[in-house]
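Structure first, then comments.
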4 protein chains.
Amino acid sequence: MPFTFNIATGSSVPIYKQIADQVRLAVANGKLTVETQLPSVRALAEELVVNPNTVARAYTDLAREGFIEARAGKGVFIIPKRKVISREEGWRRLEPLIDGLIGEAAALDFSREELEQAVRKKLSQWKTPPNNKL
Amino acid sequence: MPFTFNIATGSSVPIYKQIADQVRLAVANGKLTVETQLPSVRALAEELVVNPNTVARAYTDLAREGFIEARAGKGVFIIPKRKVISREEGWRRLEPLIDGLIGEAAALDFSREELEQAVRKKLSQWKTPPNNKL
Amino acid sequence: MPFTFNIATGSSVPIYKQIADQVRLAVANGKLTVETQLPSVRALAEELVVNPNTVARAYTDLAREGFIEARAGKGVFIIPKRKVISREEGWRRLEPLIDGLIGEAAALDFSREELEQAVRKKLSQWKTPPNNKL
Amino acid sequence: MPFTFNIATGSSVPIYKQIADQVRLAVANGKLTVETQLPSVRALAEELVVNPNTVARAYTDLAREGFIEARAGKGVFIIPKRKVISREEGWRRLEPLIDGLIGEAAALDFSREELEQAVRKKLSQWKTPPNNKL
DNA sequence: GTGGTCTAGACCACG
DNA sequence: GTGGTCTAGACCACC
(Lines give C-alpha, C1' and ligand atoms only; values in the text may rest on other atoms or scores of the structure.)
Protein backbone atom coordinates (compact mmCIF):
# COMPACT_ATOMS: atom_id res chain seq x y z
CA MET A 1 0.00 0.00 0.00
CA PRO A 2 1.47 3.34 -1.01
CA PHE A 3 1.81 6.07 1.57
CA THR A 4 -1.28 8.28 1.71
CA PHE A 5 -1.84 11.77 3.06
CA ASN A 6 -4.67 13.07 5.21
CA ILE A 7 -5.54 16.76 5.03
CA ALA A 8 -7.84 18.51 7.49
CA THR A 9 -9.28 21.65 5.94
CA GLY A 10 -9.95 24.52 8.28
CA SER A 11 -7.43 23.30 10.82
CA SER A 12 -5.29 25.90 12.56
CA VAL A 13 -2.33 23.94 11.22
CA PRO A 14 -1.63 25.15 7.67
CA ILE A 15 -1.97 22.59 4.92
CA TYR A 16 1.66 22.78 3.82
CA LYS A 17 2.69 21.95 7.37
CA GLN A 18 0.26 19.04 7.58
CA ILE A 19 1.84 17.57 4.45
CA ALA A 20 5.39 18.11 5.66
CA ASP A 21 4.60 16.79 9.15
CA GLN A 22 3.19 13.59 7.74
CA VAL A 23 6.29 13.00 5.66
CA ARG A 24 8.56 13.69 8.63
CA LEU A 25 6.54 11.35 10.84
CA ALA A 26 6.46 8.63 8.18
CA VAL A 27 10.23 8.81 7.76
CA ALA A 28 10.67 8.61 11.52
CA ASN A 29 8.31 5.63 11.63
CA GLY A 30 10.08 3.86 8.83
CA LYS A 31 6.92 3.94 6.73
CA LEU A 32 8.83 5.96 4.17
CA THR A 33 12.30 4.59 3.50
CA VAL A 34 15.32 5.95 1.69
CA GLU A 35 14.97 6.10 -2.10
CA THR A 36 11.19 5.96 -1.92
CA GLN A 37 9.74 8.26 -4.53
CA LEU A 38 7.13 10.82 -3.50
CA PRO A 39 4.34 11.97 -5.83
CA SER A 40 5.17 14.95 -8.02
CA VAL A 41 4.03 18.37 -6.85
CA ARG A 42 1.39 18.42 -9.55
CA ALA A 43 0.11 14.90 -8.85
CA LEU A 44 -0.09 15.36 -5.10
CA ALA A 45 -1.80 18.73 -5.45
CA GLU A 46 -4.41 17.13 -7.65
CA GLU A 47 -4.89 14.17 -5.34
CA LEU A 48 -5.31 16.36 -2.24
CA VAL A 49 -7.29 19.04 -4.08
CA VAL A 50 -4.96 21.78 -2.91
CA ASN A 51 -2.99 24.49 -4.63
CA PRO A 52 0.27 23.22 -6.23
CA ASN A 53 2.08 26.08 -4.48
CA THR A 54 1.06 24.52 -1.18
CA VAL A 55 2.64 21.16 -2.02
CA ALA A 56 5.70 22.91 -3.39
CA ARG A 57 6.07 24.80 -0.11
CA ALA A 58 5.97 21.53 1.87
CA TYR A 59 8.56 19.90 -0.41
CA THR A 60 10.82 22.94 -0.21
CA ASP A 61 10.78 22.80 3.57
CA LEU A 62 11.47 19.06 3.59
CA ALA A 63 14.37 19.48 1.15
CA ARG A 64 15.89 22.25 3.23
CA GLU A 65 15.66 20.00 6.29
CA GLY A 66 17.43 17.17 4.47
CA PHE A 67 14.52 14.72 4.25
CA ILE A 68 14.04 14.70 0.51
CA GLU A 69 15.84 15.54 -2.72
CA ALA A 70 14.37 16.62 -6.04
CA ARG A 71 16.13 14.94 -8.96
CA ALA A 72 15.62 16.79 -12.19
CA GLY A 73 13.47 14.82 -14.62
CA LYS A 74 13.21 11.90 -12.18
CA GLY A 75 11.05 13.08 -9.30
CA VAL A 76 11.28 13.60 -5.56
CA PHE A 77 12.96 11.01 -3.34
CA ILE A 78 13.51 10.30 0.34
CA ILE A 79 17.20 10.55 1.16
CA PRO A 80 19.23 9.64 4.25
CA LYS A 81 18.47 12.46 6.68
CA ARG A 82 21.31 14.96 6.72
CA LYS A 83 22.05 16.64 9.98
CA VAL A 84 21.20 20.24 9.35
CA ILE A 85 21.40 22.14 12.58
CA SER A 86 23.42 22.06 15.76
CA ARG A 87 22.36 20.34 18.95
CA GLU A 88 22.06 23.59 20.87
CA GLU A 89 20.09 25.32 18.16
CA GLY A 90 17.82 22.30 17.88
CA TRP A 91 17.10 22.26 21.58
CA ARG A 92 16.54 25.99 21.58
CA ARG A 93 13.80 25.49 19.00
CA LEU A 94 12.34 22.29 20.42
CA GLU A 95 11.88 23.38 24.02
CA PRO A 96 9.19 26.02 23.38
CA LEU A 97 7.29 23.48 21.30
CA ILE A 98 7.16 21.08 24.25
CA ASP A 99 6.15 23.92 26.56
CA GLY A 100 3.45 24.94 24.10
CA LEU A 101 2.16 21.38 23.90
CA ILE A 102 1.88 21.13 27.68
CA GLY A 103 0.11 24.47 27.91
CA GLU A 104 -2.32 23.50 25.18
CA ALA A 105 -3.00 20.15 26.79
CA ALA A 106 -3.81 21.89 30.06
CA ALA A 107 -6.09 24.30 28.22
CA LEU A 108 -7.85 21.34 26.62
CA ASP A 109 -8.44 19.83 30.07
CA PHE A 110 -6.12 16.88 29.74
CA SER A 111 -4.29 15.59 32.79
CA ARG A 112 -0.55 15.05 32.89
CA GLU A 113 -1.10 11.30 32.75
CA GLU A 114 -3.30 11.55 29.68
CA LEU A 115 -0.81 13.69 27.78
CA GLU A 116 2.07 11.42 28.76
CA GLN A 117 0.17 8.39 27.54
CA ALA A 118 -0.81 10.06 24.27
CA VAL A 119 2.76 11.14 23.53
CA ARG A 120 4.12 7.73 24.46
CA LYS A 121 1.67 6.03 22.13
CA LYS A 122 2.70 8.22 19.20
CA LEU A 123 6.37 7.81 20.04
CA SER A 124 6.16 4.03 20.25
CA GLN A 125 5.55 3.99 16.51
CA TRP A 126 8.79 5.83 15.90
CA LYS A 127 11.66 3.66 14.74
CA THR A 128 14.98 5.43 14.37
CA PRO A 129 15.89 4.74 10.71
CA PRO A 130 18.87 2.37 10.38
CA ASN A 131 21.06 4.49 8.15
CA ASN A 132 20.98 7.71 10.13
CA LYS A 133 24.72 7.67 10.83
CA LEU A 134 24.89 10.87 12.82
CA MET B 1 9.33 37.44 43.32
CA PRO B 2 6.38 38.20 41.10
CA PHE B 3 5.81 36.22 37.97
CA THR B 4 7.59 37.79 34.98
CA PHE B 5 6.95 37.45 31.27
CA ASN B 6 9.49 36.97 28.48
CA ILE B 7 8.56 38.05 25.00
CA ALA B 8 10.56 37.24 21.90
CA THR B 9 9.74 39.86 19.30
CA GLY B 10 10.28 38.67 15.77
CA SER B 11 9.39 35.11 16.69
CA SER B 12 6.97 33.35 14.37
CA VAL B 13 4.76 32.60 17.35
CA PRO B 14 2.46 35.58 17.93
CA ILE B 15 2.97 37.72 20.99
CA TYR B 16 -0.49 37.11 22.40
CA LYS B 17 0.20 33.38 22.24
CA GLN B 18 3.57 33.75 23.95
CA ILE B 19 1.86 35.55 26.81
CA ALA B 20 -0.94 33.02 27.08
CA ASP B 21 1.44 30.07 26.82
CA GLN B 22 3.53 31.35 29.68
CA VAL B 23 0.50 31.71 31.90
CA ARG B 24 -0.79 28.24 30.98
CA LEU B 25 2.57 26.68 31.69
CA ALA B 26 3.03 28.59 34.94
CA VAL B 27 -0.35 27.40 36.14
CA ALA B 28 0.50 23.82 35.18
CA ASN B 29 3.83 24.09 36.99
CA GLY B 30 2.28 25.60 40.08
CA LYS B 31 4.17 28.87 39.69
CA LEU B 32 0.88 30.72 39.45
CA THR B 33 -1.67 29.68 42.04
CA VAL B 34 -5.39 30.31 42.46
CA GLU B 35 -6.36 33.88 43.35
CA THR B 36 -3.03 35.27 42.17
CA GLN B 37 -3.61 38.58 40.41
CA LEU B 38 -2.04 39.10 37.01
CA PRO B 39 -0.82 42.53 35.90
CA SER B 40 -3.52 44.76 34.44
CA VAL B 41 -3.84 44.88 30.68
CA ARG B 42 -2.41 48.37 30.54
CA ALA B 43 0.42 47.67 32.99
CA LEU B 44 1.57 44.52 31.22
CA ALA B 45 1.32 46.20 27.84
CA GLU B 46 3.58 48.97 29.07
CA GLU B 47 6.03 46.56 30.66
CA LEU B 48 6.32 44.42 27.53
CA VAL B 49 6.16 47.42 25.20
CA VAL B 50 3.29 45.96 23.21
CA ASN B 51 -0.16 47.21 22.40
CA PRO B 52 -2.79 46.81 25.16
CA ASN B 53 -5.01 44.98 22.68
CA THR B 54 -2.36 42.30 22.31
CA VAL B 55 -2.34 41.66 26.06
CA ALA B 56 -6.13 41.79 26.13
CA ARG B 57 -6.26 39.15 23.42
CA ALA B 58 -4.10 36.82 25.52
CA TYR B 59 -6.21 37.42 28.63
CA THR B 60 -9.44 36.88 26.68
CA ASP B 61 -8.21 33.53 25.43
CA LEU B 62 -7.13 32.45 28.91
CA ALA B 63 -10.48 33.50 30.36
CA ARG B 64 -12.37 31.56 27.71
CA GLU B 65 -10.25 28.50 28.45
CA GLY B 66 -11.10 28.74 32.14
CA PHE B 67 -7.66 29.67 33.52
CA ILE B 68 -8.41 33.22 34.62
CA GLU B 69 -11.28 35.52 35.46
CA ALA B 70 -11.53 39.23 34.69
CA ARG B 71 -13.20 41.15 37.49
CA ALA B 72 -14.34 44.57 36.35
CA GLY B 73 -12.55 47.30 38.17
CA LYS B 74 -10.47 44.79 40.12
CA GLY B 75 -8.20 43.10 37.63
CA VAL B 76 -7.44 39.62 36.33
CA PHE B 77 -7.10 36.60 38.62
CA ILE B 78 -6.09 32.96 38.38
CA ILE B 79 -9.05 30.69 39.17
CA PRO B 80 -9.38 26.92 39.63
CA LYS B 81 -9.25 25.62 36.06
CA ARG B 82 -12.71 24.97 34.65
CA LYS B 83 -13.28 22.18 32.12
CA VAL B 84 -14.65 23.89 29.04
CA ILE B 85 -13.73 21.75 26.06
CA SER B 86 -15.57 18.57 25.10
CA ARG B 87 -13.53 15.41 25.13
CA GLU B 88 -13.79 14.80 21.40
CA GLU B 89 -12.83 18.37 20.52
CA GLY B 90 -9.86 18.11 22.88
CA TRP B 91 -8.48 15.06 21.12
CA ARG B 92 -9.18 16.59 17.75
CA ARG B 93 -6.98 19.54 18.64
CA LEU B 94 -4.32 17.71 20.64
CA GLU B 95 -3.36 15.04 18.16
CA PRO B 96 -1.99 17.31 15.41
CA LEU B 97 0.04 19.14 18.04
CA ILE B 98 1.74 15.90 19.06
CA ASP B 99 2.30 14.95 15.44
CA GLY B 100 3.78 18.37 14.83
CA LEU B 101 6.12 18.05 17.80
CA ILE B 102 7.41 14.67 16.64
CA GLY B 103 7.80 15.92 13.09
CA GLU B 104 9.74 18.95 14.25
CA ALA B 105 11.93 16.84 16.50
CA ALA B 106 12.77 14.59 13.56
CA ALA B 107 13.54 17.62 11.41
CA LEU B 108 15.82 18.90 14.16
CA ASP B 109 17.75 15.61 14.17
CA PHE B 110 16.59 14.39 17.56
CA SER B 111 16.25 10.67 18.14
CA ARG B 112 13.15 9.12 19.58
CA GLU B 113 14.90 8.48 22.89
CA GLU B 114 16.01 12.10 23.18
CA LEU B 115 12.56 13.46 22.52
CA GLU B 116 10.96 11.00 24.90
CA GLN B 117 13.37 11.97 27.64
CA ALA B 118 12.87 15.69 27.04
CA VAL B 119 9.10 15.38 27.14
CA ARG B 120 9.22 13.25 30.26
CA LYS B 121 11.39 15.78 32.01
CA LYS B 122 9.09 18.67 31.15
CA LEU B 123 6.03 16.69 32.13
CA SER B 124 7.47 15.87 35.54
CA GLN B 125 7.17 19.55 36.39
CA TRP B 126 3.45 19.54 35.72
CA LYS B 127 1.83 19.52 39.09
CA THR B 128 -1.85 18.84 39.20
CA PRO B 129 -2.89 21.44 41.77
CA PRO B 130 -3.63 19.91 45.22
CA ASN B 131 -7.37 20.50 44.96
CA ASN B 132 -6.92 24.21 45.43
CA LYS B 133 -9.48 25.67 47.73
CA LEU B 134 -9.84 29.41 47.58
CA MET C 1 -31.86 34.71 -2.47
CA PRO C 2 -28.62 34.90 -0.60
CA PHE C 3 -28.60 35.22 3.16
CA THR C 4 -28.60 38.86 4.24
CA PHE C 5 -27.55 40.48 7.49
CA ASN C 6 -29.33 43.17 9.47
CA ILE C 7 -27.30 45.35 11.79
CA ALA C 8 -28.79 47.74 14.32
CA THR C 9 -26.17 50.40 15.00
CA GLY C 10 -26.57 52.03 18.37
CA SER C 11 -27.95 48.84 19.91
CA SER C 12 -26.43 47.78 23.21
CA VAL C 13 -25.70 44.45 21.57
CA PRO C 14 -22.25 44.67 20.00
CA ILE C 15 -22.12 44.45 16.23
CA TYR C 16 -19.89 41.39 16.16
CA LYS C 17 -22.44 39.59 18.31
CA GLN C 18 -25.34 40.63 16.09
CA ILE C 19 -23.53 39.15 13.10
CA ALA C 20 -22.66 35.93 14.91
CA ASP C 21 -26.16 35.58 16.37
CA GLN C 22 -27.74 35.84 12.95
CA VAL C 23 -25.50 33.13 11.57
CA ARG C 24 -26.14 30.85 14.56
CA LEU C 25 -29.89 31.30 14.26
CA ALA C 26 -29.87 30.85 10.48
CA VAL C 27 -27.97 27.59 10.90
CA ALA C 28 -30.42 26.43 13.56
CA ASN C 29 -33.37 27.35 11.34
CA GLY C 30 -31.90 25.63 8.31
CA LYS C 31 -31.57 28.87 6.35
CA LEU C 32 -27.84 28.35 6.11
CA THR C 33 -26.81 24.83 5.18
CA VAL C 34 -23.53 22.95 5.20
CA GLU C 35 -20.97 24.07 2.59
CA THR C 36 -22.71 27.41 2.07
CA GLN C 37 -20.11 30.12 1.65
CA LEU C 38 -20.42 33.26 3.74
CA PRO C 39 -19.34 36.66 2.38
CA SER C 40 -15.65 37.40 2.78
CA VAL C 41 -14.59 39.49 5.76
CA ARG C 42 -13.86 42.47 3.56
CA ALA C 43 -17.00 42.16 1.47
CA LEU C 44 -19.31 41.90 4.47
CA ALA C 45 -17.53 44.75 6.22
CA GLU C 46 -18.12 46.94 3.20
CA GLU C 47 -21.74 45.87 2.86
CA LEU C 48 -22.52 46.54 6.53
CA VAL C 49 -20.31 49.63 6.66
CA VAL C 50 -18.37 48.34 9.63
CA ASN C 51 -14.71 47.71 10.23
CA PRO C 52 -13.32 44.45 8.78
CA ASN C 53 -12.00 43.57 12.23
CA THR C 54 -15.55 43.57 13.57
CA VAL C 55 -16.65 41.02 10.98
CA ALA C 56 -13.49 39.02 11.56
CA ARG C 57 -14.28 38.91 15.27
CA ALA C 58 -17.72 37.44 14.56
CA TYR C 59 -16.29 34.85 12.16
CA THR C 60 -13.55 33.91 14.62
CA ASP C 61 -16.14 33.25 17.33
CA LEU C 62 -18.27 31.17 14.99
CA ALA C 63 -15.25 29.15 13.89
CA ARG C 64 -14.24 28.49 17.48
CA GLU C 65 -17.79 27.34 18.25
CA GLY C 66 -17.69 24.90 15.36
CA PHE C 67 -20.25 26.52 13.06
CA ILE C 68 -17.95 27.63 10.27
CA GLU C 69 -14.52 26.97 8.84
CA ALA C 70 -12.15 29.52 7.34
CA ARG C 71 -10.29 28.16 4.33
CA ALA C 72 -7.29 30.28 3.47
CA GLY C 73 -7.63 31.90 0.09
CA LYS C 74 -11.07 30.35 -0.39
CA GLY C 75 -13.36 32.00 2.13
CA VAL C 76 -15.61 31.04 5.02
CA PHE C 77 -17.96 28.06 4.90
CA ILE C 78 -20.72 26.53 7.01
CA ILE C 79 -19.68 23.09 8.28
CA PRO C 80 -21.55 20.36 10.14
CA LYS C 81 -21.65 21.71 13.70
CA ARG C 82 -18.91 20.28 15.90
CA LYS C 83 -19.46 19.73 19.62
CA VAL C 84 -16.79 21.80 21.32
CA ILE C 85 -18.13 22.75 24.74
CA SER C 86 -18.18 20.39 27.70
CA ARG C 87 -21.57 19.56 29.13
CA GLU C 88 -20.95 21.22 32.48
CA GLU C 89 -19.62 24.41 30.90
CA GLY C 90 -22.64 24.49 28.62
CA TRP C 91 -25.09 24.43 31.51
CA ARG C 92 -23.03 26.92 33.43
CA ARG C 93 -23.40 29.40 30.58
CA LEU C 94 -26.95 28.57 29.53
CA GLU C 95 -28.69 28.91 32.89
CA PRO C 96 -28.02 32.63 33.45
CA LEU C 97 -29.22 33.31 29.92
CA ILE C 98 -32.56 31.68 30.67
CA ASP C 99 -32.80 33.52 33.99
CA GLY C 100 -32.04 36.76 32.19
CA LEU C 101 -34.69 36.10 29.58
CA ILE C 102 -37.36 35.42 32.19
CA GLY C 103 -36.31 38.44 34.21
CA GLU C 104 -36.48 40.66 31.14
CA ALA C 105 -39.85 39.27 30.18
CA ALA C 106 -41.16 40.06 33.65
CA ALA C 107 -39.71 43.56 33.43
CA LEU C 108 -41.43 43.99 30.07
CA ASP C 109 -44.79 43.02 31.60
CA PHE C 110 -45.19 39.70 29.86
CA SER C 111 -47.03 36.92 31.62
CA ARG C 112 -45.64 33.45 31.97
CA GLU C 113 -48.06 32.10 29.37
CA GLU C 114 -47.08 34.74 26.83
CA LEU C 115 -43.38 34.06 27.25
CA GLU C 116 -43.88 30.32 27.10
CA GLN C 117 -45.87 30.65 23.90
CA ALA C 118 -43.34 32.98 22.31
CA VAL C 119 -40.44 30.69 23.13
CA ARG C 120 -42.29 27.64 21.89
CA LYS C 121 -43.08 29.36 18.60
CA LYS C 122 -39.45 30.35 18.07
CA LEU C 123 -38.22 26.91 19.03
CA SER C 124 -40.51 25.23 16.54
CA GLN C 125 -38.43 26.79 13.76
CA TRP C 126 -35.27 25.15 15.05
CA LYS C 127 -34.60 22.27 12.72
CA THR C 128 -31.99 19.80 13.77
CA PRO C 129 -30.23 19.28 10.44
CA PRO C 130 -31.07 15.88 8.83
CA ASN C 131 -27.64 14.40 9.45
CA ASN C 132 -26.07 16.63 6.82
CA LYS C 133 -23.63 14.79 4.65
CA LEU C 134 -21.33 16.97 2.65
CA MET D 1 -35.77 32.02 55.33
CA PRO D 2 -35.09 35.45 53.88
CA PHE D 3 -34.43 35.82 50.19
CA THR D 4 -30.74 35.42 49.39
CA PHE D 5 -28.66 36.48 46.40
CA ASN D 6 -26.07 34.50 44.49
CA ILE D 7 -23.34 36.39 42.68
CA ALA D 8 -21.02 34.79 40.13
CA THR D 9 -17.83 36.83 39.83
CA GLY D 10 -16.22 36.85 36.45
CA SER D 11 -19.45 36.01 34.65
CA SER D 12 -20.12 37.75 31.36
CA VAL D 13 -23.33 38.95 32.99
CA PRO D 14 -22.54 42.12 34.95
CA ILE D 15 -23.09 41.95 38.70
CA TYR D 16 -25.73 44.67 38.75
CA LYS D 17 -27.74 42.67 36.23
CA GLN D 18 -27.36 39.45 38.21
CA ILE D 19 -28.82 41.22 41.25
CA ALA D 20 -31.67 42.79 39.30
CA ASP D 21 -32.43 39.53 37.44
CA GLN D 22 -32.71 37.63 40.69
CA VAL D 23 -35.17 40.15 42.08
CA ARG D 24 -37.23 40.09 38.89
CA LEU D 25 -37.28 36.29 38.88
CA ALA D 26 -38.16 36.12 42.58
CA VAL D 27 -41.05 38.52 42.08
CA ALA D 28 -42.29 36.47 39.14
CA ASN D 29 -41.96 33.30 41.24
CA GLY D 30 -43.81 34.80 44.15
CA LYS D 31 -40.77 34.35 46.36
CA LEU D 32 -40.73 38.09 46.85
CA THR D 33 -44.18 39.50 47.52
CA VAL D 34 -45.55 43.02 47.61
CA GLU D 35 -44.44 45.11 50.60
CA THR D 36 -41.46 42.86 51.25
CA GLN D 37 -38.50 44.99 52.25
CA LEU D 38 -35.19 44.53 50.43
CA PRO D 39 -31.83 45.07 52.16
CA SER D 40 -30.47 48.58 52.02
CA VAL D 41 -27.92 49.39 49.33
CA ARG D 42 -25.21 49.54 51.94
CA ALA D 43 -26.20 46.30 53.67
CA LEU D 44 -26.52 44.30 50.46
CA ALA D 45 -23.26 45.65 49.13
CA GLU D 46 -21.53 44.51 52.29
CA GLU D 47 -23.21 41.10 52.24
CA LEU D 48 -22.29 40.44 48.61
CA VAL D 49 -18.87 42.06 48.88
CA VAL D 50 -19.51 44.31 45.94
CA ASN D 51 -19.32 48.03 45.38
CA PRO D 52 -22.36 49.95 46.75
CA ASN D 53 -22.64 51.68 43.38
CA THR D 54 -23.30 48.27 41.84
CA VAL D 55 -26.23 47.56 44.15
CA ALA D 56 -27.54 51.08 43.63
CA ARG D 57 -27.45 50.56 39.87
CA ALA D 58 -29.53 47.37 40.21
CA TYR D 59 -32.07 49.08 42.47
CA THR D 60 -32.32 52.06 40.13
CA ASP D 61 -33.09 49.76 37.20
CA LEU D 62 -35.70 47.85 39.23
CA ALA D 63 -37.36 51.06 40.37
CA ARG D 64 -37.51 52.41 36.82
CA GLU D 65 -39.15 49.15 35.73
CA GLY D 66 -41.77 49.42 38.47
CA PHE D 67 -40.67 46.47 40.62
CA ILE D 68 -39.53 48.35 43.71
CA GLU D 69 -39.89 51.70 45.43
CA ALA D 70 -37.48 53.49 47.73
CA ARG D 71 -39.23 55.09 50.68
CA ALA D 72 -37.14 57.81 52.26
CA GLY D 73 -36.00 56.84 55.71
CA LYS D 74 -37.83 53.52 55.56
CA GLY D 75 -36.02 51.39 53.00
CA VAL D 76 -36.66 49.67 49.67
CA PHE D 77 -39.90 47.73 49.09
CA ILE D 78 -41.45 45.48 46.48
CA ILE D 79 -44.50 47.17 44.98
CA PRO D 80 -47.25 45.94 42.65
CA LYS D 81 -45.61 45.84 39.25
CA ARG D 82 -46.58 48.88 37.23
CA LYS D 83 -46.91 48.44 33.51
CA VAL D 84 -44.13 50.52 32.09
CA ILE D 85 -43.90 49.91 28.39
CA SER D 86 -46.25 49.12 25.54
CA ARG D 87 -46.92 45.66 24.19
CA GLU D 88 -45.30 46.36 20.85
CA GLU D 89 -42.22 47.90 22.37
CA GLY D 90 -41.98 44.97 24.78
CA TRP D 91 -42.15 42.43 21.99
CA ARG D 92 -39.66 44.39 19.95
CA ARG D 93 -37.20 44.09 22.81
CA LEU D 94 -38.02 40.53 23.82
CA GLU D 95 -37.75 38.86 20.43
CA PRO D 96 -34.01 39.36 19.92
CA LEU D 97 -33.42 37.99 23.41
CA ILE D 98 -35.19 34.76 22.50
CA ASP D 99 -33.28 34.59 19.22
CA GLY D 100 -30.06 35.17 21.09
CA LEU D 101 -30.87 32.42 23.57
CA ILE D 102 -31.54 29.93 20.79
CA GLY D 103 -28.33 30.85 19.00
CA GLU D 104 -26.32 30.52 22.19
CA ALA D 105 -27.92 27.20 23.01
CA ALA D 106 -26.96 25.91 19.57
CA ALA D 107 -23.42 27.20 20.07
CA LEU D 108 -23.28 25.36 23.40
CA ASP D 109 -24.30 22.13 21.66
CA PHE D 110 -27.73 21.79 23.17
CA SER D 111 -30.52 20.24 21.15
CA ARG D 112 -33.87 21.88 20.68
CA GLU D 113 -35.44 19.40 23.08
CA GLU D 114 -32.91 20.14 25.79
CA LEU D 115 -33.40 23.87 25.55
CA GLU D 116 -37.17 23.50 25.53
CA GLN D 117 -37.03 21.36 28.63
CA ALA D 118 -34.68 23.73 30.44
CA VAL D 119 -36.86 26.75 29.70
CA ARG D 120 -39.99 24.88 30.67
CA LYS D 121 -38.46 23.88 33.98
CA LYS D 122 -37.53 27.45 34.80
CA LEU D 123 -40.90 28.71 33.67
CA SER D 124 -42.81 26.18 35.74
CA GLN D 125 -41.58 27.97 38.82
CA TRP D 126 -43.08 31.20 37.60
CA LYS D 127 -46.38 32.10 39.22
CA THR D 128 -48.01 35.22 37.88
CA PRO D 129 -48.35 37.34 41.03
CA PRO D 130 -52.01 37.71 42.11
CA ASN D 131 -52.14 41.48 42.24
CA ASN D 132 -50.71 42.22 38.82
CA LYS D 133 -53.92 43.80 37.58
CA LEU D 134 -52.81 44.62 34.07
C1' DG E 1 -9.41 52.41 38.23
C1' DT E 2 -10.56 48.05 35.38
C1' DG E 3 -11.60 45.36 31.01
C1' DG E 4 -14.67 45.24 26.48
C1' DT E 5 -15.78 47.15 21.97
C1' DC E 6 -14.90 49.41 17.79
C1' DT E 7 -12.38 51.90 14.23
C1' DA E 8 -8.45 52.63 11.10
C1' DG E 9 -4.95 50.94 8.79
C1' DA E 10 -0.43 48.16 8.27
C1' DC E 11 1.75 43.83 7.52
C1' DC E 12 2.11 38.97 6.94
C1' DA E 13 0.84 33.93 6.15
C1' DC E 14 -1.65 30.98 3.29
C1' DG E 15 -3.28 29.12 -1.02
C1' DG F 1 -7.42 36.63 -3.42
C1' DT F 2 -8.29 35.00 1.58
C1' DG F 3 -8.00 35.41 6.79
C1' DG F 4 -4.68 36.29 11.03
C1' DT F 5 -1.86 39.49 13.68
C1' DC F 6 -0.52 43.75 15.52
C1' DT F 7 -0.55 48.69 16.38
C1' DA F 8 -2.74 53.10 17.63
C1' DG F 9 -6.07 55.30 19.77
C1' DA F 10 -11.13 56.31 20.88
C1' DC F 11 -15.18 55.38 23.59
C1' DC F 12 -17.94 52.95 26.81
C1' DA F 13 -19.51 49.68 30.63
C1' DC F 14 -18.54 48.24 35.02
C1' DC F 15 -17.11 48.78 39.74
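First the proteins, then the strands, lettered A, B, ... as listed; each starts at 1. Computation of the quantities below employed the complete heavy-atom set of this structure, encompassing side-chain atoms and omitting hydrogens, waters and symmetry-equivalent molecules.
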When the distance from CD of B:Glu69 to P of E:dT2 is rounded to whole Å, what number comes out? 17 Å

With sequence neighbours excluded, tell me which residues meet side chain to side chain donor-acceptor pair (under 3.5 Å) with B:Arg71. B:Glu35, B:Glu69

Just the rounded figure in Å: distance from P of E:dG15 to CD of A:Glu46. 18 Å

Rounded distance in Å - CD (B:Gln37) to P (E:dG1): 15 Å

side-chain contact (heavy atoms from CB on, under 4.5 Å) partners of A:Leu97, counting only residues at least two apart: A:Leu94, B:Leu101, B:Glu104

Basic-acidic side-chain contact under 4.0 Å: D:Arg93, D:Glu89: yes

Salt bridge (charged side-chain N to carboxylate O under 4.0 Å, His left out) contacts in which one or both residues fall within residues 40-54 of chain D, not counting sequence neighbours: none

C:Lys17 side, atom NZ; C:Thr54 side, atom OG1 - distance, nearest 0.5 Å: 15.0 Å

Say you draw a straight line from CG of D:Leu62 to CZ of D:Arg57; how long is it, rounded to the nearest 0.5 Å? 11.0 Å

Tell me: CZ of B:Arg64 to P of E:dG4, nearest whole Å? 11 Å

Basic-acidic side-chain contact under 4.0 Å: C:Lys81, C:Glu65: no

Scoring nucleotides 5-15 of chain F by protein non-hydrogen atoms under 4.0 Å (B base, S sugar-phosphate only, - none) yields BBBBB----SS

Fill in the dot-bracket string of DNA chain E, one character per base: . for unpaired, | for a pair to another strand, ( ) or [ ] for pairs within the strand, taking Watson-Crick or G-U pairs under 3.5 Å. ||||||||||||||.

Can you list the residues that meet the side-chain contact (heavy atoms from CB on, under 4.5 Å) rule with C:Ala72, with sequence neighbours excluded? none

